[in-house]
Structure formats: C-alpha cells, structure tokens
Amino acid sequence: MARVRPLSGYPEWTPAQRVVESAVIDALKEVFTLHGFAEIETRAVETVERLAGKSEAAKEIYTLTRLNADGDADARLGLHFDLTVPFARYVEEFQNELAFPFKRFQIQKVWRGERPQEGRYREFYQADIDVVGRQSLPAHLDVEVAVVMARALAALPLPGVTMRVNNRRLVEGFYRGVGIDDIAGALRSVDKLDKIGPDGVRAELVEQQVPETAADAILELARISAPDASFVNAVEDLWATTTTVADVADAEAQLREGLAQLVALVQGVNAAVPGTAIADLRIARGLDYYTGSVYETFLDGHEDLGSICSGGRYDSLVAGGGFPGVGMSIGVSRLVSRMLGAGLVEATRAVPTAVLVAVTDEETRAASTAIADALRGRGIATEVAPTAAKFGKQIQHADRRGIPFVWFPGSEGASDEVKDIRSGDQVPADAATWEPPAEDLSPRIVPAD
RNA sequence: GUGGCUAUAGCUCAGGUGGUAGAGCAUCGCGUUGUGGUCGCGAGGGUCGCGGGUUCAAGUCCCGUUAGCCACCCCA
C-alpha cells in the first residue's frame, strides 16, 4: 500500500488540536456577536471573472472543473482566496435586504495557490469583520472595528498582541506635500522597510524619480511611532521643515484629517485594551484600495510569523462606489498553527467525554448504558467502555483519551463508584445526582506547561 | 514562479571509504487472572519515497522523478 503522506499547505489537526482551533473560533464568535456583528457564510466559489477582477492575485486562484466536463458553457468558477471579494458580491446582491451600516462577521476557509511555509497555507481559516455603509460611514467605526479585534485577540490565551496602525490620508497628504506624484509606488517601497532597510527603500524611491530630499522626508516620517498622541508633534515638526510644494493647503488639510483619525484610533484602542495599539507611520499595506486607517497586528514574541490580523478602511466595497467600509481579518490557521507549534496552549483532552462507564461483563452492559444515559440526560458527556476488558484496561482506555472519570457500576446492590483517574480518588456516586467539577465538564484550552 | 536542503519502522532519527537494516519513543503480550500510570522481560512492525544506471554486490555512488521543509515573491 502506498504510504499516505501529508499534502503541503493543507493542514489537518488531531482531535486535541482541533479542540484548540474550535475554542479559538468560538471565542472570536462570542466577541464579534457581543458587539453586534451578524454572522454570514458565503459559498466557497465565485466566478473567475469576479475573483480575478479585483487584483493581480489571479494566478493564485484555484479553479473548479468537473472531471467529466464536456465542454459545456458553464461559468468558470474558482475558490475564493479571501472573504472580502465574496462579501462584496454578497452586499451587492443582497443590498435591498440588508440594513446599513451593515456589520458582519464571517469565519470560513479560503484557498490560495501559493507556496506553503510555516504559517502560510493553501487552505486556511480567516475570520473577518467589516462594517459597510451606504454612501457614508462615520470615522469612529475605524476605531470600533479595531477595538473589537483587539478584544477578540485578548480573549485568546496568547502572549499579547501589538496592533500597528497608520492612516493613508495622513501619509498621502504628507507625500503630496513633499512633491510625490506616484503615492502608491512610494507606499509599496516603504512597505519593504523591514525587508530591505532604509537604504534599500531610499534607492527604490530615487529610482522612481523621487527627489532625494523627499525620499529622506518619507523615511523620516516612517521612523515615527508612538503608543499615544505624541506622534502628532513629530509629524508637524517634520511637515514644517520639509514641505516643498508651493500650495500646500489641500495636502495639509488631508494630513490633518489623517492625524486626527489616527489619534482617535490609537487612543480608542488603548482605552479598550491598554497597551495594544501603536501608531506606526511605516505601516503601509501593499493593497492599494485602502484609503484611511490601516492595521497590522503581530503576536508578541512571534513577529517572525508575520501579521496575524490586518485590514483597513476603503472607499467602496463594490466597483460602482457607494459602499464605504472598514474591515479586518484574522489569519486563524496561522495563529492556531503557531499556538500549537510553539506549545503556547494545549487541550485538556482530545475527546468531549467526561465519564467512561465501565462494563463489568457483557451480560450487564445494559446497566452501564442506563448509567450513561442518566448522566447524558443531565448534560454530562459520557461513553460506555467498548469491551468488558479487565478494569485496568478500561481505565487505560480512559487515560489515553484524557477522560477524567471512570464509573464503576455497583454489583449485587452495592453503590456505584466514580474514580478520578488523575488523583486515583474513588467515591460512591449516584448517576441521578453526581456532577463533575465545572472545569472537567468539557475540554478546555489551557496554557501549556 | 525562483533558489537551497531533505526523504530509512507509526513518530524522532542513526546507519565513515558500497558487503544481507538499527536505537529511542509508541504499539501489543507477560510479570500483575477484574482498578491504569512506575519498573522488568519479551514480541510484532521497514519492497530504505519512486524509476533507471554503475557494480559480483547499492540505504550508501550517478541520473531522473515525486513529495516534504526552508528562503525569496506575496500575503492571514
């Protein structure tokens, strides 16, 4: 028989690992729901035209064909590579049935035909939240979305996260003020600051016909960061000494609007979850449809993993315009794989079962089943031993699966007994009234030792 | 898509210069005939990723191929 080997980029978890992934998803859902975000699920496929139309990501799209496709003219379909494109289509399609501003969350798998690595998969979960308005959307929702994500991440057993935020308006105003024409091009270069360093970025900028003084000003701006409003003075000082354009009124208005939004964002997030947000004027984001706030979130001590939660403000979700929004996306699989791989957390057990009812012999299996049903009737996950093996074997069966309690039916009128196999304590018990400790009722995730 | 590294038991790996495959862990059994975990003894388990070549002889050398890992690109 051919050996079964893992397929690169398509992660699969053991039951205990899936407990962790499920707990993460459940915790996210709870926080999103608590803030009034409605859940939706979209189909896995979109038309290729729609998927490819968005960007140059076309080569990453997995397309679908039937094995026996006989040349019929079906619309070509592809698997979605993010949750924003399907959401945009959904909003367009259901716009008459949705109430705006529309707040939704969506936790689904997405597929990208990229070269896999640690934290980069071909099939993975994303958890998205977006708020979309009709015609307009107040700026304070930029803060709300970031606050919800900060709280969602804080609800997970993680070392802590740092959300680095910036504002495209601020950056654009500044760039215009120092005479940059190709703002998107300059942003793409600044985005590589970590990779190629200040000198590398400077060289790229000069290559793009950016004057040297302007390149230096851009790099100075990218150096600014602060966990509070103190970055404003630094930006203003830099602005005062570097503007080269004759008429800077428009650019300055744009800069000031961005500054105010960024101040509100940093202060708002840090008020909700102290120590989470940092205004970092080097954060650019490669995607060019962002027009205001941009976010990138890193797991403290695991910055090598890359961003685990990013997003931003955009002018319109749909091509025709009119649906401004702001959203963020958590890379659930990336996060979970690191939590598991680095031993940050573990599940208390791999099965839901809290109690294994032992079977004395096959003739009395019915008695064991009755005990199990009594416990199940009171919400205690229970299974019955598969065979009437020696009790040592039955206890071992429970131990291997992490089942904390083994129940021994009493024989010949004797009372039943329940054993905590971790401590070895065994006490008389009645299936009609016995309760496990609350922390043993269901599998939980706990910090690993 | 580009480059580097790797592929031997269920898992992690060892196998100078070619000479009939090994360890630890895991699994199963017994010690311990109805209360596990420790300990001791024992057992099962491998067409050495696949295909070809060189050779009396290939896990080992050569070519090809497939897959995995890592980096780049890009991103969650």
key: Nearest-angstrom distance from the residue atom CG of L305(A) to C1' of C75(B)   = 12 Å
remark   = Regarding the side chain of D191(A), the nearest nucleotide among C75(B), A76(B), A71(B) is C75(B)
query = Across the strands shown, which category fits G306(A) at heavy-atom distances under 4.0 angstrom: base, sugar-phosphate, nothing?
reply = nothing
note = note: E123(A), atom CD; A76(B), atom P; distance rounded to Å ~ 18 Å
query = Can you tell me how far P of G68(B) sits from OH of Y121(A), to the nearest Å?
reply = 14 Å
request  = May I have the step-by-step check of ring-ring contact (aromatic ring centres under 6.0 Å, His included) for Y10(A) and Y121(A), ending in yes or no?
outcome  = CA-CA 6 Å; Y10(A) 301 90; Y121(A) 301 107; 9.4 Å; no
Atom pair distance, as rounded to whole Å: CD in E118(A) and C1' in C70(B) = 10 Å
inquiry  = Suppose you measure atom C1' in G53(B) against the same atom in G1(B); what distance do you get, rounded to whole Å?
reply    = 32 Å
inquiry  = For a quick test of reading the model, state the closest non-hydrogen atom pair linking E204(A) to K192(A) and the distance between them.
reply    = OE2-NZ, 3.2 Å
key: Pairwise C1' distance for G16(B) and U60(B), with rounding to whole Å   = 11 Å
query = Is there a Watson-Crick or G-U wobble partner for C72(B) with both distances under 3.5 Å, and if so, which one is it?
reply = G1(B)
task = Could you name each residue pair satisfying ring pair (Phe, Tyr, Trp, His ring centres under 6.0 Å) that touches residues 411-448 of chain A, not counting sequence neighbours?
result = F405(A)-W434(A), W407(A)-W434(A)
request  = Could you check how far CZ of R122(A) sits from C1' of A67(B), rounded to whole Å?
outcome  = 11 Å
task = Could you work out the separation of G46(B) and C11(B) based on their C1' atoms and round it to a whole Å?
result = 14 Å
task = Between A7(B) and G44(B), how far apart are the C1' atoms? Round to whole Å, please.
result = 25 Å
remark   = Any strand, both distances under 3.5 Å, Watson-Crick or G-U wobble: G64(B) pairs with C50(B)
remark   = If pairing means Watson-Crick or G-U wobble with both distances under 3.5 Å, then the partner of G42(B) is C28(B)
message = Looking at G22(B), which nucleotide sits across from it as a Watson-Crick or G-U wobble partner, both distances under 3.5 angstrom, or is there none?
response = C13(B)
query = So, is the end of the R104(A) side chain (NZ or CZ) under 6.0 Å from the ring centre of F87(A) and within 45° of the ring's axis?
reply = yes
inquiry  = Roughly how many Å apart are C5(B) and G18(B), using the C1' atom of each and rounding to a whole number?
reply    = 24 Å
ask   = What's the CD-C1' distance between Q126(A) and C75(B), to the nearest Å?
value = 9 Å
key: Between C1' of A76(B) and CD of Q106(A), the distance in whole Å   = 15 Å
query = Once you round it to whole Å, what is the distance between P of A76(B) and CD of E21(A)?
reply = 18 Å
query = If we take the C1' atom in both A21(B) and G59(B), what is their distance in whole Å?
reply = 8 Å
message = Each nucleotide in nucleotides 28-36 of chain B should get exactly one letter: B, S or -. Can you fill that in based on protein heavy atoms under 4.0 Å?
response = SS---SBBB
message = Going by side chain to side chain contact (heavy atoms under 4.5 Å, CB included), name the residues that satisfy it together with A226(A), two or more places apart in sequence or in a different chain.
response = D228(A), S230(A), F231(A)
query = What about the rings of F105(A) and F32(A), do their centers lie closer together than 6.0 Å?
reply = yes
message = Can you check the distance between C69(B) and U12(B), where both ends of the measurement are the P atom (answer in whole Å)?
response = 12 Å
In residues 149-161 of chain A, what donor-acceptor pairs under 3.5 Å come from side-chain atoms, sequence neighbours left out?
from: R151(A); atom 1: NH1; to: H35(A); atom 2: NE2; distance (Å): 3.0

query = Between F323(A) and F100(A), does the ring centre distance come in under 6.0 Å?
reply = yes
ask   = Is there a side-chain contact between L51(A) and H80(A), using heavy atoms and a 4.5 Å cut-off?
value = yes
Identify each donor-acceptor pair in which a side-chain atom of residues 11-18 of chain A lies under 3.5 Å from a protein atom, sequence neighbours left out, and give them as a table.
from: W13(A); atom 1: NE1; to: E21(A); atom 2: OE2; distance (Å): 3.1
from: T14(A); atom 1: OG1; to: Q17(A); atom 2: N; distance (Å): 3.2
from: T14(A); atom 1: OG1; to: Q17(A); atom 2: OE1; distance (Å): 3.3
from: Q17(A); atom 1: OE1; to: T14(A); atom 2: N; distance (Å): 2.9
from: R18(A); atom 1: NE; to: S22(A); atom 2: OG; distance (Å): 3.2
from: R18(A); atom 1: NH1; to: E21(A); atom 2: OE1; distance (Å): 2.7

Grab the N/O contacts between the protein and nucleotides 1-5 of chain B below 3.5 Å, and write none if there aren't any.
from: U2(B); atom 1: O4; to: R115(A); atom 2: NH2; distance (Å): 3.4

message = I'd like the P distance from U38(B) over to G49(B), given in whole Å.
response = 33 Å
